[in-house]
Structure formats: C-alpha cells, structure tokens
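This report concerns only the one structure given below.
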Amino acid sequence: MRLILTGVTGVAGLAIYRAALNDPDVQHVTLLTRRAVPSWAELPPNAAEKTEIVLHTDFKTYAPDLAARLASHDALIWALGKSAMGMSEEAYTELTYEYTLAAARALKDAGAGSADKPFRFVFISGELADPTGKSRQMWARVKGRVERELPELFIGSNMTAHVYRPAYFFPSKDYPEDRRNQRSVGERILDVTLGAATKALAPSFYTPLEQFGPFVLEVAKGRWPNQELFRNADMRRLMESFRSTASHGEL
C-alpha cells in the first residue's frame, strides 16, 4: 500500500507513522506536512528509504500536479488536528473541517482510486463527535460535520470514507521524548492520573496508543471495507479479533 499521512508531528500521527514504517504491507509513506518530522522523534531505521516528505503550507489549496501525485496513492489517513481548547469556532472549523474537505475534493477531482480498488480516506475524529450538530461542545459539532459530509462528497466517485473515533490517548512511555515534547507538564500529570483511572474504570473511553496506529492502517488497507464508522469500542473489539486471528496464522 502507498499511504498518505497528515498530522505526523502530533501524538496520533506519529504513532501511525511508526506503525506504517513497521508494516510490511505499507511500501511507501508520503507525509503531507507543514514541517519536517522533529529530530527528537525516534523512528525505525527504514524511515528514510520508505518515506517521502511533501512540505505543504496551504491545506486549503492543492496545485493540479500535487493533487495528481497524491491521487496515485492507495489511501490517506487524516490525523491532522489539535485540541479545540483556546481556539475560536472559526479557527477550529478551518483546521478541522475546511482543511479535511479541501484535501478530499482535490483527491476526488484528481481521479483518486478506481472501480476495483477504491481510494480510502480515513478521518481521525473523536469519541462523542456529533454529526447531527446538536452537541453543546463546539469540537464535537465540527468533527461531526466532517463525518457527515465526507461520505456525501465521495458519492459517485472511486473513493470511500472511513471514520475512527478514538477516545483518550497520550504518548507512550516507550518514547519518553514524545512525552517531553508533545505534552506540557500539566498534561503529563493528567495522563498519569486520569489515564490510569480511565484504563481501569472506563476502558471504552481509553485508546491504547499501541493499537491506534495498527488499527487505522488496517482500515486504510480495507480490512473492514463495508464499515464506515468505527467507535473506540469497535476498535478494541476488532483489534482483539485481528490479533487472535494473526496469532493462529489465519490472515
């Protein structure tokens, strides 16, 4: 699979990138990003040979030649985003809704996918996102709007939309530099306290980062082609089944 990935400098994006580098089914990763992967990020030794970096500054505009290059891939995982805390609804809508839909339109117009091999657009949303637009939480309404309009955009095309709603997640203790560079001191304290409580008391609202990357890659590969929306509980159930099948050599 030839994969496009956005949001690589974030917690989710970096986890997905590492998983893609370790996945033999992913032959090539194109990082669509404003800036290069930070030097503190620990990566597998094959990163350079498997990766192409496309530095892109305006996520609302795609030149025809760039759109055509991107459309030659098999899938895109859209992990670009950030917390809505401290952001106006206008700014958050631009980042979360406008950027996502602009990329989707550019790929569609460039002819991504084919009848026998659809291009899969995987959008990383959030647990409690609300496609009805009735939520009192601004971020939930905006992400829900993407969830609602993305599949509609692809009607009649060779592209399919898939949405994953992760719950609470944070950088892995296996990568201490991630925690130091991606989280503030306060957030690191919260991750330790709230993370432990969520894992123990409300596991459906906790997303193990070691499952996050492999799961969305399987969605991008088309392992569950007929399912459009994946809740966090779906992810945990499907990954348990997938790993059980893999351990018995049935894949």
Side-chain angles (χ1 to χ4, degrees), residues 1-10 12-14 16-17 19-21 23-37 46-81 94-125 143 145-164 213-230:
M1 177 175 69
R2 289 171 50 81
L3 175 71
I4 308 164
L5 174 64
T6 66
V8 69
T9 58
L14 186 53
I16 296 166
Y17 180 40
L21 293 174
D23 190 329
D25 291 335
V26 180
Q27 290 82 36
H28 179 86
V29 183
T30 295
L31 301 179
L32 187 64
T33 178
R34 281 199 180 96
R35 54 188 184 275
V37 180
N46 65 342
E49 65 187 64
K50 202 170 181 177
T51 305
E52 176 187 5
I53 298 177
V54 176
L55 296 178
H56 191 59
T57 56
D58 184 359
F59 277 83
K60 291 198 284 189
T61 304
Y62 294 82
D65 60 332
L66 175 57
R69 283 169 58 197
L70 297 176
S72 69
H73 291 66
D74 301 303
L76 180 153
I77 298 174
W78 194 269
L80 179 67
E94 179 182 50
L95 173 69
T96 305
Y97 171 81
E98 293 179 14
Y99 288 3
T100 309
L101 270 291
R105 291 189 192 98
L107 287 163
K108 178 184 176 182
D109 292 345
S114 63
D116 61 331
K117 191 178 180 181
F119 183 102
R120 293 185 172 83
F121 193 115
V122 184
F123 174 63
I124 306 302
S125 185
K143 288 216 169 196
R145 184 180 177 190
V146 179
E147 292 186 6
R148 184 177 69 250
E149 295 187 19
L150 199 59
E152 294 174 353
L153 177 65
F154 295 153
I155 292 174
S157 74
N158 293 316
M159 298 179 68
T160 60
H162 303 275
V163 174
Y164 170 47
F215 173 72
V216 293
L217 286 174
E218 292 303 319
V219 175
K221 293 177 198 175
R223 181 162 297 280
W224 304 285
N226 299 319
Q227 186 164 344
E228 183 178 292
L229 173 64
F230 298 86

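Values below: every heavy atom of this structure, side chains too, minus hydrogens, waters and symmetry copies. This one's a predicted model, so the numbers in the text were calculated from it and none came from an experiment.
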Next on the checklist: Distance check, rounded to the nearest 0.5 Å: Asn158 atom CG versus Arg120 atom CZ?
Outcome noted: 11.5 Å

Next on the checklist: Nearest 0.5 Å, please: how far is OG1 in Thr33 from CG in Leu55?
Outcome noted: 7.0 Å

Next on the checklist: Taking side-chain contact (heavy atoms from CB on, under 4.5 Å) as the definition, give me every residue that meets it alongside Ala79, ordered by chain and number, with sequence neighbours left out.
Outcome noted: Leu5, Ile16, Ile124

Checklist outcome for this item: Looking only at heavy atoms, the pair that brings Ser125 and Glu147 closest together is OG-OE2, 2.6 Å

Checklist entry - Below 4.5 Å, heavy atoms only, C-beta onward: do Leu76 and Leu70 meet side chain to side chain? => result no

Item to check | Check ion pair Arg145-Glu149 (N to O, under 4.0 angstrom) | outcome: yes

Next on the checklist: According to side-chain hydrogen bond (donor to acceptor under 3.5 Å, both in side chains), who are the partners of Asn226, at least two apart in sequence or on a separate chain?
Outcome noted: none

Checklist entry - Is the side chain of Lys108 donor-acceptor paired with the backbone N or O of Leu153 at a distance under 3.5 Å, no angle test? => result yes

Checklist entry - Heavy atoms, side chains only, cut-off 4.5 Å: are Leu32 and Phe59 in contact? => result yes

Checklist entry - Closest approach of Arg34 and Tyr99, non-hydrogen atoms and distance? => result NH2-OH, 3.0 Å

Next on the checklist: Once you measure the plane-to-plane angle for Phe154 and Phe121, does it fall in the parallel (<30°), tilted (30-60°) or perpendicular (>60°) bin?
Outcome noted: tilted

Item to check | Euclidean distance, Tyr164 OH relative to Ile77 CD1, rounded to 0.5 Å | outcome: 12.0 Å

Checklist entry - Strictly by modelled atom types, are Thr51 and Tyr17 linked by a side-chain donor-acceptor pair under 3.5 Å? => result yes

Item to check | Listed partners of Thr160 passing side-chain hydrogen bond (donor to acceptor under 3.5 Å, both in side chains), at least two apart | outcome: His162

Checklist entry - Any idea how His56 and Tyr62 line up, ring-wise: parallel (<30°), tilted (30 to 60°), or perpendicular (>60°)? => result parallel

Checklist entry - Which atoms form the tightest heavy-atom contact between Val26 and Val29, and what is the distance? => result CG1-CG2, 3.7 Å

Checklist entry - Quick one: CZ on Phe215 to CZ on Arg223, what's the gap to the nearest 0.5 Å? => result 11.0 Å

Checklist entry - Can you find a pair of side-chain heavy atoms, one from Asp25 and one from Leu217, that are under 4.5 Å apart? => result no

Next on the checklist: To the nearest 0.5 Å, what is the distance between CG on Leu95 and NZ on Lys60?
Outcome noted: 11.0 Å

Checklist entry - So which heavy atom on Lys50 is nearest to which on Leu21, and how close? => result NZ-O, 3.1 Å

Checklist outcome for this item: Tightest non-hydrogen contact, residues Ala112 and Met159, listed as O-CG, 3.8 Å

Checklist entry - Does Asp23 reach the side chain of Glu218, with side-chain heavy atoms less than 4.5 Å apart? => result yes

Next on the checklist: Would Arg69 and Thr30 count as a side-chain contact (heavy atoms from CB on, under 4.5 Å) here? Give the steps.
Outcome noted: CA-CA 10 Å; Arg69 283 169 58 197; Thr30 295; 5.9 Å; no

Item to check | Smallest separation among heavy atoms of Ala106 and Ala67, with atom names | outcome: O-CB, 4.0 Å

Checklist entry - Looking at His28, Lys117, Lys221, which hits side-chain hydrogen bond (donor to acceptor under 3.5 Å, both in side chains) with Asp74? => result Lys117

Checklist entry - To the nearest 0.5 Å, how far apart are CZ in Arg2 and CZ in Phe119? => result 10.5 Å

